[in-house]
Amino acid sequence: MTAYGSFPGARPRRLRTTPAMRRMVAETRLHPSDLILPAFVREGIAEPVPIQAMPGVVQHTRDTLRKAAVEACEAGVAGIMLFGVPEDAKKDALGTAGTDPEGILQVAIRDVRAEVGDDLVVMSDLCLDEYTDHGHCGVLAADGRVDNDATLERYAEMAQVQADAGVHVVGPSGMMDGQIGVVRDALDTIGKEDVSILAYTAKYSSAFYGPFREAVGSSLRGDRKTYQQDPANARESLRELALDLEEGADMVMVKPAGPYLDILAEVAASVDVPVAAYQISGEYAMVEAAAEKGWIDREAAIAETLLGIRRAGARMILTYWATEAARRLNAGG
């Protein structure tokens with residue numbers, strides 16, 4: 001075959017010739033405002049505690065959390081998702097520390113709002129697992145199963161105390177049936193109509209949550225397969241999506257992100273509300289571990305994973321690299 005004349009007539013490589021050309025024709029772009037920083041704040045510590053399975057991530061003190069929020073804000077990150085880690089002695093079967101107005105998460109919300117005001121969207125995890133002595137996301141029935149409707153009552157209380165603390169967005173993450181509707185009603189009842197709900201719409205029962213259990217000091221016994229979604233199922237996510245939107249979700253999420261890009265793309269194509277994806281602890285840990293061994297280029301891998309999630313349809317990405325990635329994007333990296 002000759003290399004001249006009309007063959008080949010199409011040469012896509014022309015649009016890949018230089019960095020400037022590739023930037024000009026890029027179909028997907030990542031911006032600092034696409035990113036949300038998940039952060040852990042632990043009660044009763046004087047210094048940040050490193051999370052061994054997540055190099056570079058810590059359980060914050062109240063002071064270092066405020067600093068992290070300011071740094072994220074200055075980098076242009078859109079929001080911060082807060083997780084509270086109470087003292088073990090305060091855990092009980094009902095997770096009452098989660099609804100205590102002076103509980104660690106509510107205190108942290110007030111701290112961060114006082115520090116950054118409305119310049120950063122302050123979000124909170126709305127779930128009981130950090131606060132229960134059994135580690136499940138809800139109240140247990142006598143037979144040991146999670147009682148869906150009793151748990152909804154606790155979620156309503158959590159939503160109200162988090163809203164009273166000043167949160168902008170609550171993130172119900174327990175995958176209880178009816179949770180979005182109950183939380184919306186609870187917020188509206190106390191005049192908190194402006195507090196948004198980010199629904200954990202498709203939250204799968206994943207092996208990649210492992211490092212997160214260390215991050216929140218989980219007391220989990222057993223597993224969460226009776227309420228989190230089965231990784232084998234896809235259509236089920238669209239059913240959950242329809243229910244969450246009907247119940248009043250303002251935004252929806254797919255979690256984890258990387259192993260479920262097909263689900264993310266389907267959800268993003270189906271709705272006209274903002275779609276988020278959570279790049280979870282195991283996804284983070286794999287990149288960090290491989291980079292530490294010199295097997296991959298760390299910065300390039302971080303950028304590629306985030307771009308892939310954005311390309312699949314996420315308008316917002318929760319990632320532990322949020323501030324670092326935002327700074328790199330600001331620097332043109």
Side-chain angles (χ1 to χ4, degrees), residues 27-39 69 72-73 75-83 109 112-113 116 118-127 159 162-163 166-175 179-181 183-184 187-188 192-204 229 234 237-258 260-280 283 305-323 325-326 329:
E27 299 173 22
T28 305
R29 300 184 192 278
L30 193 65
H31 188 273
S33 62
D34 298 329
L35 306 176
I36 296 167
L37 176 68
C73 190
V77 170
I80 186 168
M81 174 66 80
L82 302 178
F83 295 85
I109 292 168
V112 174
R113 281 299 308 274
V116 299
D118 293 330
D119 293 338
L120 189 69
V121 179
V122 179
M123 315 169 88
S124 55
D125 179 58
L126 199 165
C127 197
Q162 291 176 7
V167 78
H168 294 110
V169 179
V170 294
S173 61
M175 290 299 288
Q179 63 183 11
I180 302 304
V183 167
R184 183 72 270 161
L187 292 169
D188 293 350
K192 298 293 184 180
E193 296 91 349
D194 288 343
V195 174
S196 300
I197 298 177
L198 170 59
Y200 282 60
T201 291
K203 182 178 180 183
Y204 283 87
Q229 277 188 237
S237 293
L238 299 181
R239 185 183 186 200
E240 293 278 4
L241 175 64
L243 291 168
D244 283 353
L245 293 175
E246 181 181 346
E247 292 174 25
D250 300 289
M251 300 170 277
V252 297
M253 186 196 294
V254 174
K255 180 182 182 182
Y260 297 92
L261 293 181
D262 59 327
I263 307 301
L264 174 58
E266 280 202 61
V267 169
S270 302
V271 300
D272 56 4
V273 299
V275 176
Y278 198 145
Q279 185 180 53
I280 67 169
E283 298 175 73
T305 60
L306 293 174
L307 194 65
I309 296 166
R310 180 72 182 81
R311 188 185 64 243
R315 299 297 307 180
M316 303 170 291
I317 304 172
L318 285 82
T319 175
Y320 300 99
W321 291 302
T323 301
L329 288 166

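This one's a predicted model, so the numbers in the text were calculated from it and none came from an experiment. Keep in mind that the numbers below use all heavy atoms, side chains included, and drop hydrogens, waters and symmetry copies.
- Looking at Met81 and Leu37, their side chains never come closer than 4.5 Å, going by heavy atoms from C-beta outward.
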Between Asp118 and Arg113, is the salt bridge (Lys or Arg N to Asp or Glu O under 4.0 Å) condition met? List the steps. CA-CA 7 Å; Asp118 293 330; Arg113 281 299 308 274; 2.9 Å; yes

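- For the residue pair Val116 and Val122, the shortest heavy atom distance occurs at CG2-CG2, 4.3 Å.
- We find the CD-SG distance between Gln179 and Cys127 to be 8.0 Å, quoted to the nearest 0.5 Å.
- Between the CG atom in Asp194 and the CG atom in Leu187 there is a gap of 10.5 Å [rounded to 0.5 Å].
- The side-chain heavy atoms of Asp125 and Val170, taken from C-beta on, include no pair separated by under 4.5 Å.
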Start with the C-alpha gap between Leu306 and Gln279, add the side-chain angles, then the distance that decides, and say whether side chain to side chain contact (heavy atoms under 4.5 Å, CB included) holds. CA-CA 8 Å; Leu306 293 174; Gln279 185 180 53; 3.5 Å; yes

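- The shortest non-hydrogen separation linking Ala314 to Ala277 is CB-CB, 4.0 Å.
- Applying the side chain to side chain contact (heavy atoms under 4.5 Å, CB included) criterion to Val121, with sequence neighbours excluded, gives Met123, His168, Val169.
- Closest non-hydrogen pair, Leu264 versus Ala276, comes out as CD1-O, 4.2 Å.
- Checking Val195, Val183, Leu126 one by one against Gln162, the side-chain contact (heavy atoms from CB on, under 4.5 Å) holds for a single residue, Leu126.
- Closest heavy-atom contact between Ala325 and Leu35: CB-CD1, 3.9 Å.
- Inspection of the Glu240 and Thr201 side chains reveals no N or O donor paired with an N or O acceptor under 3.5 Å.
- In this structure, Pro256 and Tyr278 have side chains that are not in contact, with every pair of non-hydrogen atoms separated by 4.5 Å or more.
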Criterion side chain to side chain contact (heavy atoms under 4.5 Å, CB included) on Ile36 and Thr319, from CA distance to verdict: CA-CA 6 Å; Ile36 296 167; Thr319 175; over 6 Å; no

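- Side-chain contact between Val254 and Tyr200 is absent, with no heavy atoms from C-beta onward closer than 4.5 Å.
- Contact annotation: the side chain of Ile80 approaches that of Leu82 to within less than 4.5 Å [non-hydrogen atoms, C-beta and beyond].
- Considering all non-hydrogen atoms of both residues, Leu120 and Ala69 come closest at CD2-O, 3.6 Å.
- Inter-residue side-chain proximity for Arg310 and Ile317 is flagged as met; some heavy-atom pair is nearer than 4.5 Å.
- The two residues Ser124 and Ile109 make their nearest non-hydrogen contact at CB-CD1, 3.9 Å.
- Listed for the Glu283 side chain is a donor-acceptor partner under 3.5 Å among the backbone atoms of Gly258.
- A 6.0 Å sphere centred on CZ of Arg29 holds more than 12 heavy atoms belonging to other residues, nucleotides or ligands.
- By the 4.0 Å N-to-carboxylate-O rule, Asp34 lies too far from Arg315 to be salt-bridged with it.
- Using a 3.5 Å distance cut-off with no hydrogens or angles, the side chains of Ser237 and Glu266 do not pair a donor with an acceptor.
- Residues Lys255 and Tyr260 fail the side-chain proximity criterion, which asks for heavy atoms closer than 4.5 Å.
- Counting only residues at least two apart or on different chains, the salt bridge (charged side-chain N to carboxylate O under 4.0 Å, His left out) pairs with a member in residues 241-253 are Arg184-Asp250.
- Contact check for Lys203 versus Gln229: no side-chain heavy atoms found under the 4.5 Å cut-off.
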Evaluate the side chain to side chain contact (heavy atoms under 4.5 Å, CB included) criterion for residues Met253 and Val275: first the C-alpha distance (whole Å), next the side-chain angles of each, then the deciding distance (0.1 Å), finally the verdict. CA-CA 6 Å; Met253 186 196 294; Val275 176; over 6 Å; no

